[in-house]
Protein chains: 2
Amino acid sequence: MSDAFALEDHVGFLLRKAHQRHASLFLDAACDHALTPTQFAALVKVVECRRVTQNHLGRKVAMDPATIQGVVKRLTARGLVVRTHDPMDRRTAVLAPTEAAHELIATAAACAQRAHAAALSPLSAAEQAVFLTLLRRMG
Amino acid sequence: MSDAFALEDHVGFLLRKAHQRHASLFLDAACDHALTPTQFAALVKVVECRRVTQNHLGRKVAMDPATIQGVVKRLTARGLVVRTHDPMDRRTAVLAPTEAAHELIATAAACAQRAHAAALSPLSAAEQAVFLTLLRRMG
DNA sequence: GGCAGATCGTTTGTACACGCATGATCGCCC
DNA sequence: GGGCGATCATGCGTGTACAAACGATCTGCC
């Protein structure tokens with residue numbers, strides 16, 4: 001290995017920068033809904049599932065119980081998600097989307113699509129396809 | 001656009017997962033030095049530069065002034081970095097690595113290399129090269 | 001029925017990451 | 001030399017992210 005450690009050739013460093021850049025583009029593209037990428041991901045899954053347990057949702061979007069707890073708290077505070085209970089299992093918090101969530105998610109998805117395109121814009125269409133395929137395999 | 005919004009096909013979601021995975025692998029590979037990926041990146045650059053201004057270091061490793069301030073505070077608390085002052089510019093904090101930093105960085109770089117390899121291990125050697133090239137272009 | 005281990009959600013503590021505001025200092029240009 | 005915009009480091013507030021510990025509850029197995 002050479003004497004100079006090439007920090008800028010390491011996956012970790014490049015992933016951190018790419019992730020930061022996308023997050024920044026996402027917040028720019030978020031016209032008025034003001035959802036963070038994390039909140040958006042959680043909300044999309046809640047809408048998709050109609051009814052989910054909190055930790056189960058966390059697993060679907062790669063957030064540990066402590067993290068999803070905070071995210072859900074902010075979504076419920078904004079009236080996008082409601083918490084109910086399963087009488088069959090009194091440990092769980094069952095989440096469901098509100099009407100507001102259904103309305104918001106349509107426009108937010110368009111914003112997310114723009115952020116997606118902007119983040120990938122330095123690559124050609126063919127390169128984007130390759131990149132996404134490889135990135136998926138790293139997950 | 002289809003009715004089902006495919007969250008798992010979006011760069012942002014995939015980048016977040018890949019970044020999390022690498023961070024986890026990095027902490028596993030960090031035998032005893034107990035540096036986070038962020039702290040490691042900052043320390044590598046300080047060693048590389050011998051003397052850097054705090055914000056200048058932040059720009060080199062993609063951290064804003066508020067973030068690099070906390071990272072440097074933790075590195076100085078561990079005796080890996082010392083803060084001096086430039087009499088020519090009394091606003092700045094000039095950072096330099098300690099002896100301990102030079103000793104630590106050698107073993108830490110080996111750990112980082114292992115984390116790098118582990119994170120990329122789902123891909124073949126050829127795919128890794130392609131992936132890194134594309135990822136660099138997204139920065 | 002009752003115990004043991006697993007799972008659920010919460011809390012606490014630490015570490016990034018950023019926007020915004022602030023006070024100190026610098027550079028430049030008049 | 002004086003003023004003005006830019007830069008430096010810091011502080012506060014908010015939002016991810018995770019480990020560890022906790023009480024509550026469920027499940028399986030005896």
Side-chain angles (χ1 to χ4, degrees), chain A residues 12-13 15-28 30 33-43 52-78 80-81 83-95, chain B residues 12-13 15-28 30 33-43 51-78 81 83-95:
Chain A
F13 184 70
L15 282 174
R16 188 168 65 83
K17 277 210 301 182
H19 178 236
Q20 281 177 19
R21 176 161 167 277
H22 174 272
S24 172
L25 290 169
F26 187 97
L27 295 179
D28 287 349
H33 59 63
L35 287 176
T36 65
T38 310
Q39 291 167 6
F40 173 73
L43 191 57
V52 223
T53 270
Q54 184 168 296
N55 282 2
H56 189 50
L57 172 64
R59 269 175 248 123
K60 280 176 178 290
V61 292
M63 302 180 205
D64 71 15
T67 301
I68 195 68
Q69 196 261 347
V71 174
V72 167
K73 183 192 302 184
R74 285 180 275 277
L75 290 178
T76 57
R78 286 187 54 178
L80 296 169
V81 163
R83 288 171 68 113
T84 57
H85 290 284
D86 182 352
M88 292 288 87
D89 188 345
R90 292 190 315 206
R91 297 170 303 176
T92 61
V94 179
L95 308 175
Chain B
F13 185 71
L15 282 174
R16 188 168 65 86
K17 278 210 300 181
H19 179 236
Q20 280 177 19
R21 177 161 166 279
H22 174 271
S24 173
L25 290 170
F26 187 97
L27 296 178
D28 288 349
H33 60 63
L35 288 175
T36 64
T38 309
Q39 291 167 6
F40 173 73
L43 191 56
R51 294 181 85 251
V52 221
T53 270
Q54 183 168 298
N55 281 5
H56 190 48
L57 172 64
R59 268 174 248 124
K60 280 177 179 289
V61 293
M63 303 179 205
D64 70 17
T67 300
I68 195 67
Q69 196 259 352
V71 174
V72 166
K73 183 192 301 183
R74 284 179 277 277
L75 291 177
T76 57
R78 286 186 55 178
V81 163
R83 287 172 68 113
T84 57
H85 290 286
D86 182 353
M88 292 288 86
D89 188 343
R90 292 190 316 208
R91 294 170 303 175
T92 61
V94 179
L95 309 175

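In what follows, every heavy atom counts, from backbone to side chain, and hydrogens, waters and symmetry copies are set aside. Chain A is the first sequence line, chain B the second, and so forth, proteins listed ahead of strands; every chain is numbered from 1.
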Could you state the atom-to-atom distance from [atom1] of [X] to [atom2] of [N] in whole Å?
{"X": "B:M63", "N": "C:dC16", "atom1": "CE", "atom2": "P", "result": "8 Å"}
{"X": "B:I68", "N": "D:dT10", "atom1": "CD1", "atom2": "P", "result": "11 Å"}
{"X": "A:H22", "N": "C:dC18", "atom1": "NE2", "atom2": "P", "result": "14 Å"}
{"X": "B:K73", "N": "C:dA17", "atom1": "NZ", "atom2": "C1'", "result": "15 Å"}
{"X": "B:R78", "N": "C:dT14", "atom1": "CZ", "atom2": "P", "result": "15 Å"}
{"X": "B:Q69", "N": "D:dG11", "atom1": "CD", "atom2": "C1'", "result": "8 Å"}
{"X": "B:K17", "N": "D:dA17", "atom1": "NZ", "atom2": "P", "result": "13 Å"}
{"X": "A:H85", "N": "C:dC8", "atom1": "NE2", "atom2": "P", "result": "15 Å"}

Compare side-chain N and O positions of [X] against OP1 and OP2 of [N] and report whether any pair is under 4.0 Å apart.
{"X": "A:R16", "N": "C:dA15", "value": "no"}
{"X": "A:R59", "N": "C:dC8", "value": "yes"}
{"X": "B:Q20", "N": "D:dC18", "value": "yes"}
{"X": "A:T92", "N": "C:dT7", "value": "no"}
{"X": "A:T36", "N": "D:dT16", "value": "yes"}
{"X": "B:R74", "N": "C:dC16", "value": "yes"}
{"X": "A:T38", "N": "D:dA17", "value": "yes"}
{"X": "B:R83", "N": "D:dT10", "value": "yes"}
{"X": "B:Q54", "N": "D:dT10", "value": "yes"}
{"X": "A:Q39", "N": "D:dG15", "value": "no"}

Rounded to the nearest 0.5 Å, what's the gap from [atom1] on [X] to [atom2] on [Y]? Could you check?
{"X": "A:H22", "Y": "A:L27", "atom1": "NE2", "atom2": "CG", "value": "9.5 Å"}
{"X": "B:R91", "Y": "B:Q54", "atom1": "CZ", "atom2": "CD", "value": "13.5 Å"}
{"X": "B:R16", "Y": "A:T38", "atom1": "CZ", "atom2": "OG1", "value": "5.0 Å"}
{"X": "A:T92", "Y": "A:N55", "atom1": "OG1", "atom2": "CG", "value": "9.5 Å"}
{"X": "B:R21", "Y": "B:F26", "atom1": "CZ", "atom2": "CZ", "value": "15.0 Å"}

For a quick check of understanding: with a heavy-atom distance under 4.0 Å over all strands, which category does [X] fall into, base, sugar-phosphate or nothing?
{"X": "A:T67", "value": "base"}
{"X": "B:S24", "value": "nothing"}
{"X": "A:A66", "value": "base"}

Under 3.5 Å donor-acceptor pairs involving side-chain atoms of residues 57-71 of chain A, not counting sequence neighbours:
from, atom 1, to, atom 2, distance (Å)
A:R59, NH1, A:H56, ND1, 3.4
A:D64, OD1, A:A66, N, 3.2
A:D64, OD1, A:T67, N, 2.8
A:D64, OD1, A:T67, OG1, 2.9

> Closest nucleotide of DNA chain C for B:D64 versus for A:R91: which of these residues is on the 5' side?
Replying inline: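 The residue whose closest nucleotide sits nearer the 5' end is A:R91.
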>> Looking only at the side chain of A:D89 (C-beta and beyond, no hydrogens), which of the listed nucleotides D:dT10, D:dA17, D:dC26 gets closest?
In response: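 Given the options D:dT10, D:dA17, D:dC26, the side chain of A:D89 is closest to D:dC26.
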> So which one's nearest nucleotide on DNA chain D is more toward 5', A:M88 or A:G70?
Replying inline: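 Checking each residue's closest nucleotide, the 5'-ward one belongs to A:G70.
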